[in-house]
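Working notes, structure below.
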Amino acid sequence: MESDNLVFFVNGKKVIEQKADPEMMFLPYLRKKLHLTGSKYACGEGGCGSCTVMISTIHPVSRKIIHFSANSCLLPICSLHGKAVTTVEGIGSSHTRLHPVQERIAKAHGSQCGFCTPGMVMSMYALMRNHPEPTMDQIYEALGGNLCRCTGYRAIVDGCKTFCKEENCCQNQEKISKGLLHNGPVESQSSTTVLFKKEEFLPLDPSQELIFPPELILMMEEQNPKTMFFQGERIKWITPFNLEELLELKAQYPKAPIVVGNTNIGLQMKLKGVFHPVLISAGRIAELFVVKCTDHGLSVGAACTLSMLKESLNDAVSHLPQEKTKIFRALLQQLKTLAGQQIRNVASLGGHVISRITNSDLNPVLAAGNASLHLLSKGGARHIPCNVLFFRSTEESPNILAEELLVSILIPYSQKREIVTAFRKAQNKVNSAAIVVSGMRVLFQENTDIIEDCNIFFGGIGESTMFARKTRDVVIGRHWDEGMLSDACRTVLYEVSLPPSAPGGMVEYRRTLTVSFLFKFYLEVLNELKLWYNGRNCHNPLKLSEDGNITNSQAAKGNAKQRYQTAKLDQPLQDTIGRPVMHHSAAMQVSGEAVYCDDMPAIEGELFMALVTSSRAHAKIISIDLTEALSMLGVSDVVTAKDIPDTNKFLYNEWEDQLFADDKVLCVGYIIGAVLADTPTHAKQAADKVNIVYEDIEPAILTIEDAIKYKSFYEPDRKLKQGNVDEAFNTVDHIHEGDFHIGGQKHFYMETQSIRVVPSKDNKEMDIYAASQDPSYIQGLVASTLSIPSNRIHCHVKRIGGAFGGKIVQTAHLAAITAVAAKKTRQAVRCILERGEDMLIIGGRHPYIGKYKVGFMNDGKIVAADIMLYSNGGCTTMESVYIMELSMLQTTHAYSIPNLRCHGRVCRTNLPSNTSFRGFGFPQAAMITEVWIEELAAKCNLPTHKIKEINMYRNLAVTPFKQELDVTNLRRCWEECMENSEYHTRKEKVLRFNKQNYWTKRGISIIPLNFPVSYITAFQNQAAALVHIYRDGSVLVSHGGTEMGQGIHTKMIQIASRELQIPISYIHICETSTAAVPNTIASAATVGTDVNGMAVKIACEKLRKRLEPIISRNPTGTWESWIKEAFFERISLSVTGFNRGYDTYMDWEKGEGHPFQYCVNGAVCSEVEIDCLTGDHKNIRTDIVMDVGCSINPALDIGQIEGAFVQGIGLFTTEELKYSPEGVLYTRGPGQYKILTVWDVPQELNVSLLSSSQNPYTIYSSKVLQIHWKITAITDCLLMFHDVLCLRGTVVKYTLMSSSRF
């Protein structure tokens, strides 16, 4: 059977696809077929929102046009027939006119690396199409399905909330701008909180939006549309248009799944390899979208999306008596946090129910509420209860027959004497699968607290939704009292039996949650009973003042404040130094026009690479069989170590590494080979067919503990000593010993590793386009791998979609492998890792174990410390020794320790090699110090802040490596943070809160920051720049730094503008290229702006000096006239600038040196609240004071501070890496690895830049801050949890952080 034509519209233009493949998702179709690359691939599983588009269609029942956001990575193109799609390119352009949503996010500084920005824009745009003046709740809900790794979300929300008219958002923003609101002391006129001017924004005009195509309206009005068939390479897609046809198809293809939103079936096929030869779409069947109120409840069509369900439930709640809507409200509570908005907009209620997912958010509530399912087949209709028999249904013993269709779900009305509640615990507030979920219902006898009926269902326990039948039987007929509760808790623990190896882990935590949920239900019901009976007829109730009052942990929408010092009054307007200039690429990023590596169009014959990686942690390779892979459709070749022209092995600094495995593999994910094919799909399919035979090698070392046991370490080990530690221990009043374990963290940059290699026609030169922080390292490694000179290799970096240290060494490895493939095939080759591959192959932040012994006096004065650090380096050394060195040099953090001994060892394990990550070892080392200082305070019975003040560095500090560092501003930041945060007042409030609330506790903590800056080795601090002035007066700047969202290009333009005394509009930066600026240094270690900015300044000074004679002769002339005259006078208008950088060094033999140039100081105070029953928490408020010197661009600097802080919170609260005992990483995407969402950030995040701060070592007295704020979140979060746990009498053991640890 031939395929029908697929017809839909994109941005108002008709698209006709004659050969629609059901396996083709809309995102790759958009990017590769329609060349609309604004929508980004970042995860491929609907978990990040980077691919968000807006779908417009006609509702099958109401016949109204509806608009909603959706993840294009999960939308099969076959599902789009008769629909209109709007992408980010379709709403505005930087070349014509930005849409107000695009403009406001850009001007509010809500775009840094820009990779997530188009998705943010489209989520907000879809909301605005339905609600032109949204509430803050609606904004947070719309953005809840979008992830951002750079900004910390505050700036994005600031831009979006300018569309609101709520008293608590925009009007307060105006007051803040006018200085009417402030936190802490009144600032002088030299400071401001205005980062953007709202009055400059374009107004929203809904009449200018794209209309729904009339042709599609006519298509929908067609009386008898025929069933449509789309046949792909492997799969057939069928779209019927009436219920009778659907039932016929269900009988004909009983095993074919019914598809509506593809959020479940699509993920099974992509992530689990499930294959369905036939898919049946139910998206056009009107009967499946009917919602109606009946005598018994609300009947909801099975194809209704979760968003439609939510709308229907809200409507019912607003019209029906409260006593009838208790089940509805419990479901609404779950729907608020279930997945992201894009998923809820397409996922169907029927699909959610019928999938019987073990941790379903809705099924336990539906079961507890006695919902029923309406089934239909050619043989007739029937109703079945949504109960345990349904959940336990299997293919062998089905509760629903294969030919039956779920038509609707009946959600009953609740009764007067009934209480229904839902509970849920997940890693994130929203867009996160539940760890455990529960639906509970109780019905009381008339005018008593005696239980007449009860339902208790759990999700996340066992293979399906579980009914606690024995617990129910125990409580029936009992009074609602403590005796009933005790028996119920004991019984539910007996019923919830999980083996230690249960999928998902956290066995004890999950069992504990079942009891916690039951206890929460008890308290909530007790509250209701008191309201019902005013204390009468309640049997032995608990006192609510002591045991109730569990606060809601939903995020509030506070007003963050950002304060910075303004530019001098006499500074020219065109001089933007010190002013909050918008990121130079922001307009292109919000419009989807910014080009990233994979956005580049493919050239003729370009091949796509898929990597073949090891499935074993430590094994010999016995054989590799490529036969089946090479025979597959579209496959061109396979490359392995044998194809490398020179040698597979190379040195990174002095440590050996290799590109491909040759005779053995060292970790799961170790690269063995690479398949080349005509499409990414064909390459991936063939890579899965490479047959490798292994022989395991023992032992496979996975943890630091294993490495210590087997003495598996990398050399050299490092030691640092100051004073006489052993003698000092003999003089102290107390000695404290302890240890902790901090887990790893993945970079989770939004743009995965991306490389494109294009060889010249004669195969003697290569252009490499890469998302890399170090293009020169790529150039050198590729040249040595191919055995050709570096001058034949040109590496280009336009922009990077986030990096955080993860795109230096391993990116170069991938580039070299891609270059080998390009040389062998003489074709361009593109290597874009999928999210799962990226997280499997690329290492991350090093896990650490720290052991400490500290001697101190009764007054809290620290006398001696003996620190032992272990890090998990992975299977090769890479950067691990260097990072351990930095940890050791910064282990004292902000404190003076007269006698110190520190020893560091890097463990060799069989995990992927860990690498640089924002902070370069500083967060782990500084955290050790903050932890044991907190513990010392407890032992001394002194406030923690007093211990810190007693031992804090002052003025000119002498480090353990005998370098003097000026830390004068450390004390200033500390005192200002104390004042701004109202620390002492709030500390008292926290203590009062904790006395009044037994099950919810708060903690508040303040810590200092002392972060030394620069590379340890002097040659790494150099930089160069190239500046051209063209005859029309325009200026092109090239420098060695790479733009990854930190705004380095924007700052370089600002610097050139000041030095050349011209507007920034005259200046352009194209890319970072080894052909323009050779021998560049990695953009890392925070020094990018410092060293490259000085190089640009030097170059511009030379040019200005050359122009001085011309300017002096014609002082009233224009820039253009001066340049024209210079050209005619044969004055060179091109110049290089070179900056030698800092003279740093470290002599480890002597234990002394000058490894850093200066310090960045700061302080942060944060307050959190924790639910002691579940471990759930919320971040209430954070105040940060930061010494950035004289900020070149306050908007960029504040954005970096906020983004790093939020990334740090994620490390300790949600970002947990999970491995199998065989070393297989389980957490390979946003579905399992949870970075923070907009709902998880502090409700109030205030940032102040320290005023009147000078720094003689850097350009314009600025200071860098691109990485070090990680520690403020890490230690602060940890210590706040420590504070709260100590209140509960808990013994604190520091380990991998997640809510299950608390």
Side-chain angles (χ1 to χ4, degrees), residues 613-614 617-618 652-653 655-658 665-671 700-708 712-718 741-749 753 773-774 803-814 833 837-850 869-888 904-925 927 1082 1084-1085 1207-1208 1210-1211 1215-1219 1223-1228 1233 1267 1270 1274 1295-1297:
T613 59
S614 167
H618 195 196
Y652 178 72
N653 293 328
W655 298 293
E656 188 176 88
D657 209 333
Q658 62 186 43
V665 294
L666 301 178
C667 68
V668 175
Y670 205 76
I671 299 174
I701 298 172
L702 303 178
T703 67
I704 294 175
E705 292 87 348
D706 290 342
I708 294 172
S712 179
F713 302 110
Y714 290 110
E715 297 296 336
D717 63 333
R718 294 301 192 193
H741 177 192
I742 173 175
Q745 183 182 26
K746 288 293 183 179
H747 301 90
F748 207 95
Y749 27 68
Q753 297 283 343
Q773 296 172 249
D774 195 349
F804 317 113
K807 293 181 177 177
I808 303 177
V809 182
Q810 287 162 305
T811 307
H813 297 182
L814 293 172
L833 295 191
E837 285 181 299
D838 192 294
M839 296 189 73
L840 179 69
I841 295 169
I842 308 300
R845 183 181 299 282
H846 291 71
Y848 267 57
I849 284 182
L869 298 178
Y870 296 97
S871 72
N872 191 329
C875 63
T876 62
T877 317
M878 204 169 288
E879 298 172 287
S880 298
V881 171
Y882 171 63
I883 289 168
M884 177 58 75
E885 291 175 350
L886 286 167
S887 292
M888 295 176 64
R905 303 276 350 225
V906 178
C907 298
R908 182 195 297 267
T909 64
N910 296 114
L911 292 180
S913 300
N914 286 310
T915 186
S916 303
F917 201 130
R918 205 172 200 168
F920 280 82
F922 172 65
Q924 296 96 320
M927 185 183 65
Q1207 193 178 83
L1211 171 62
E1215 298 183 44
E1216 185 172 12
L1217 295 172
K1218 297 179 181 179
Y1219 293 89
V1224 179
L1225 178 67
Y1226 288 142
T1227 46
R1228 298 192 205 174
Y1233 187 78
I1267 63 174
K1270 171 68 70 175
I1274 293 175
T1295 180
L1296 278 171
M1297 289 299 162

Original post:
Taking only residues two or more places apart in sequence, or in another chain, which ones meet S614 in a side chain to side chain donor-acceptor pair (under 3.5 Å)?
Top reply: none
Original post:
So which heavy atom on P847 is nearest to which on H741, and how close?
Top reply: CB-NE2, 4.4 Å
Subject >> Euclidean distance, L666 CG relative to T909 OG1, rounded to 0.5 Å >> reply: 10.0 Å
Original post:
ring pair (Phe, Tyr, Trp, His ring centres under 6.0 Å) with Y882: which residues, sequence neighbours excluded?
Top reply: none
Subject >> Qualifying residues under side-chain contact (heavy atoms from CB on, under 4.5 Å), relative to R1228, sequence neighbours excluded >> reply: L840, V1224, L1225
Original post:
With a 4.5 Å heavy-atom cut-off, do Q1207 and F804 have their side chains touching?
Top reply: yes
**OP:** List in chain and number order the residues that pass salt bridge (Lys or Arg N to Asp or Glu O under 4.0 Å) with E837, two or more places apart in sequence or in another chain; answer none if no residue qualifies.
**Re:** none
Subject >> Result of checking L1211, T915, I883, N872 against R845 for side-chain contact (heavy atoms from CB on, under 4.5 Å) >> reply: L1211
Subject >> Partners passing side-chain contact (heavy atoms from CB on, under 4.5 Å) against T877 (at least two apart in sequence or in another chain) >> reply: W655, Y714, V881
**OP:** Hey, could you give me the OH/CE distance between Y1226 and M839, rounded to the nearest 0.5 Å?
**Re:** 15.0 Å
Subject >> Note, H618 side chain near V665 side chain (heavy atom, < 4.5 Å) >> reply: no
Subject >> Heavy-atom closest pair, residues G919 and P923 >> reply: O-CD, 3.5 Å
**OP:** Mind checking the CD1-OG spacing from I701 to S712? Nearest 0.5 Å is all I need.
**Re:** 4.0 Å
Subject >> CZ on R718 to CG on L886, rounded to 0.5 Å >> reply: 11.5 Å
Subject >> Check: Y1219 and V668 side chains under 4.5 Å, non-hydrogen atoms >> reply: no
Original post:
Rounded to the nearest 0.5 Å, how far does NE2 of H846 lie from CZ of F917?
Top reply: 12.0 Å
Original post:
So do V809 and Y652 actually touch side chain to side chain, heavy atoms under 4.5 Å?
Top reply: yes
Subject >> With sequence neighbours excluded, residues passing side chain to side chain donor-acceptor pair (under 3.5 Å) with N910 >> reply: none
Original post:
Taking all atoms of both residues into account, what is the closest heavy-atom pair of C907 and I704, and its distance?
Top reply: SG-CG2, 3.9 Å
**OP:** Mind checking side-chain contact (heavy atoms from CB on, under 4.5 Å) for C667 and listing every partner two or more places apart, or none if nothing turns up?
**Re:** Y670, C875, P912
**OP:** Indicate yes or no: does E715 engage R905 in a salt bridge with an N to O separation below 4.0 Å.
**Re:** yes
Subject >> Set of salt bridge (Lys or Arg N to Asp or Glu O under 4.0 Å) partners for R908, sequence neighbours left out >> reply: none
Original post:
Listed by chain and number, what are the side chain to side chain donor-acceptor pair (under 3.5 Å) partners of Q753, not counting sequence neighbours?
Top reply: Y749, T811
**OP:** Taking all heavy atoms of S887 and all of Y848, pick out the closest pair and write down the distance.
**Re:** OG-OH, 2.7 Å
Subject >> Among N914, V906, I742, side-chain contact (heavy atoms from CB on, under 4.5 Å) partner for S871 >> reply: V906
Original post:
Any idea which heavy atoms bring E1216 and Y1233 closest together, and the distance?
Top reply: O-CD1, 3.8 Å
Original post:
Do you know which two heavy atoms are closest between I842 and G806, and how far apart they sit?
Top reply: CG2-O, 4.2 Å
Original post:
Who passes side-chain contact (heavy atoms from CB on, under 4.5 Å) against A803, sequence neighbours left out?
Top reply: Q773, I800, K807, M1044
Original post:
With E656, which residues qualify under salt bridge (Lys or Arg N to Asp or Glu O under 4.0 Å), at least two apart?
Top reply: none
Original post:
Is there a donor in the side chain of E879 and an acceptor in the side chain of S916, or the other way round, less than 3.5 Å apart?
Top reply: yes
Original post:
Atom CG in D838, atom CD in Q810: separation rounded to 0.5 Å?
Top reply: 9.0 Å
Original post:
For T876, which residues count as a side chain to side chain donor-acceptor pair (under 3.5 Å) partner, sequence neighbours excluded?
Top reply: D657, S913
